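Atoms within each ligand, like the ligands themselves, are counted from 1 in listed order. Just so you know, these numbers come straight off a predicted model, no measurement behind them.
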Amino acid sequence: MGRLLYELGRMDEKKRIANERGSSKVGKSSFSWAWELDGTTEERERGITMDIALQTLSTPHREITILDAPGHKDFVPNMISGASQADSALLVVDAATGEFEAGFQRGGQTREHLLLVRSLGVGQVIVAVNKLDQVQWEKSRYEEICDALRSFFTQSGFHPSKTKFVPVSAMAGTNLAARKGPEAAALGKWYSGPTLTDLLDALEPPSRNYTTPLRFPVSNVFREQGAGLGVAGRVCGGVVQVGERLRILPGDGSAVVKSIMSDDKSLPWAIDGANVIVYLTSVDPAQLGIGSVLCRPSDLVPLSSTFAARVIIFDIDIPITVGASVELYHHSHDVPASISKLNATLDRATGAVIRKNPRVLTKGASAEIQISLRASGTSGPSAKALPIPIEPFSVNKDMGRILIRRGGETIGAGEFSSA
Ligand SMILES: Nc1nc2c(ncn2[C@@H]2O[C@H](COP(=O)(O)OP(=O)(O)OP(=O)(O)O)[C@@H](O)[C@H]2O)c(=O)[nH]1
């Protein structure tokens, strides 16, 4: 990502040199490009992305917000937070011998990330097959990786016309914005297709639902000197405007929109799909947190603590039974929950009921289940679970998607169907 930002003129020479100097000073010179997005001390020391970093870039026909998400298994919850705000995915895979295979084997991160983005409604994927310099730009290696991914895409429900592949070497900047650089000749022997930037430029713009009620799920809350209390997130329906009073759910808080910022630009309003920071006044900060949803007082988001959901079960070893303890992911928020009923298994294609009240759910099953939130461990034995703002998928797709995890593994994904 750092190299791409540089190639597209979003990182100047001064910044590049500062990143190069800083990273080599701590013996991490190979991570100099990653420093642009991995900004925290821990990320830089460990050489991995841990949290979502936001950047913007422009191609001739598109303004793109990049949510750089961590690839490491330990940070899947942060990856979910990023993916839940995305319209399209750019998957970077490592072509080095054994490395692609490590991510693509059962339980590997390439598979999990693709299933997660699909479950979160992302239909368009660009795959950048990276580090081809490490395999001497072998065409057969590139094709082997594309073939393996193509069949996985089909199995996972991606439309073939919405998945694109591109060979690159990020380190040398080959085929990112242009087929230039010392290695371009080796690639040019067998490839004359689009660059990564060409593919980004051809992404289909998503449609925006600006006539639906405003929903703004909060992915981060922070205080900024001079600007006040800020909340980051993506508008998931409707329009938010400077000066309007909003309700904060859950709870009985409210706030007034002081300003809206996107990529250091101040905006009078932002519509569905926009990733923005909203600065608030007249607000009690105790009422706000990750997972809060801002909406108009006249159009409140419903709250639920027990609800029915239609889910698809991932490739799990231990079947799901009634009473199973899970973590429920909704936007950037996760809450403890349990599977309180198994209503029915369903036909994956038609949705027709196959069996009512099944005893267990095994891998690959499609089912209607009931989920009940549990009080968090710190709130005492008699505490009740706090309801969350969630809407049926049929009303607002972005507000109705859920993921279920157990012991650090994603076990299912689906849609909230009814309270
Ligand atoms: N040889 C070679 N090395 C590369 C190339 N691209 C990245 N690397 C190296 O791969 C390592 C990982 O790069 P990152 O940019 O941190 O990878 P990442 O996928 O963002 O990893 P996470 O931060 O864990 O998500 C660094 O040492 C890079 O220098 C490439 O095209 N060729």
Considering all protein heavy atoms, does one lie under 4.0 Å from atom 27 (O) of ligand 1?
yes
SB check Arg234 Asp87 (cutoff 4.0 Å)
yes
Could you tell me which atoms of ligand 1, counted from 1 in the order shown, lie closer than 4.0 angstrom to a heavy atom of Gln134?
1 (N)
Check this for me, if you would: do Arg44 and Asp38 make a salt bridge, where the nitrogen-to-carboxylate-oxygen distance has to be below 4.0 angstrom?
no
Note: Glu409-Arg111 ion pair, threshold 4.0 Å (strictly below):
no
Check each atom of ligand 1 against the heavy atoms of Ile48 and keep those under 4.0 Å away; list them by number with element.
23 (O), 24 (O)
Looking at ligand 1, does any of its N/O atoms fall within less than 3.5 Å of an N/O of Pro70?
no
So Phe104 and Phe152, ring-ring contact (aromatic ring centres under 6.0 Å, His included) or not? Walk me through it.
CA-CA 10 Å; Phe104 196 58; Phe152 185 68; 5.7 Å; yes
Among protein heavy atoms, which sits nearest to atom 25 (O) of ligand 1, and what does the distance come to when rounded to 0.1 Å?
Gly71 N, 3.1 Å
Closest non-hydrogen protein atom to atom 29 (O) of ligand 1, residue and atom name please, with distance?
Ser30 O, 2.5 Å
Between Arg406 and Glu327 (salt bridge meaning N to carboxylate O under 4.0 Å), is one present in this structure?
no
Considering heavy atoms of the protein only, find what lies nearest to atom 21 (O) of ligand 1 and give residue, atom and distance to 0.1 Å.
Thr49 OG1, 4.8 Å
Reference residue Leu8; test side chain to side chain contact (heavy atoms under 4.5 Å, CB included); the match among Leu57, Ile64, Leu176
Leu57
Regarding Arg10 and Glu36, does a basic nitrogen lie under 4.0 Å from an acidic carboxylate oxygen?
no
Less than 4.0 Å between atom 8 (N) of ligand 1 and some protein heavy atom, yes or no?
yes
Which of the numbered atoms in ligand 1 are under 4.0 angstrom from any heavy atom belonging to Asp133?
1 (N), 2 (C), 30 (C), 31 (O), 32 (N)
Please report whether atom 16 (O) of ligand 1 has a protein non-hydrogen atom at a separation of less than 4.0 Å.
yes
Run the numbers for me: atoms of ligand 1, each under 4.0 Å from some heavy atom of Ala34, listed by number.
15 (O), 16 (O)
Between Trp190 and Trp137 (side chain of the first, backbone of the second, donor and acceptor by atom type, cut-off under 3.5 Å), is there such a pair?
yes
Arg247 bridged to Asp299 by N-O distance under 4.0 Å
no
Tell me whether Asn130 reaches ligand 1 (any heavy atom closer than 4.0 angstrom to a ligand atom).
yes
Give a yes or no on whether atom 19 (O) of ligand 1 lies under 4.0 Å from any heavy atom of the protein.
no
Ligand-residue contact atoms, ligand 1 with Phe31, heavy atoms, under 4.0 Å:
11 (C), 12 (C), 16 (O), 26 (C), 27 (O)
Protein heavy atom at shortest distance from atom 4 (C) of ligand 1
Lys131 CE, 3.6 Å
May I ask you to decide if Asn19's main-chain N or O and Ser23's side chain share a donor-acceptor pair within less than 3.5 Å?
yes
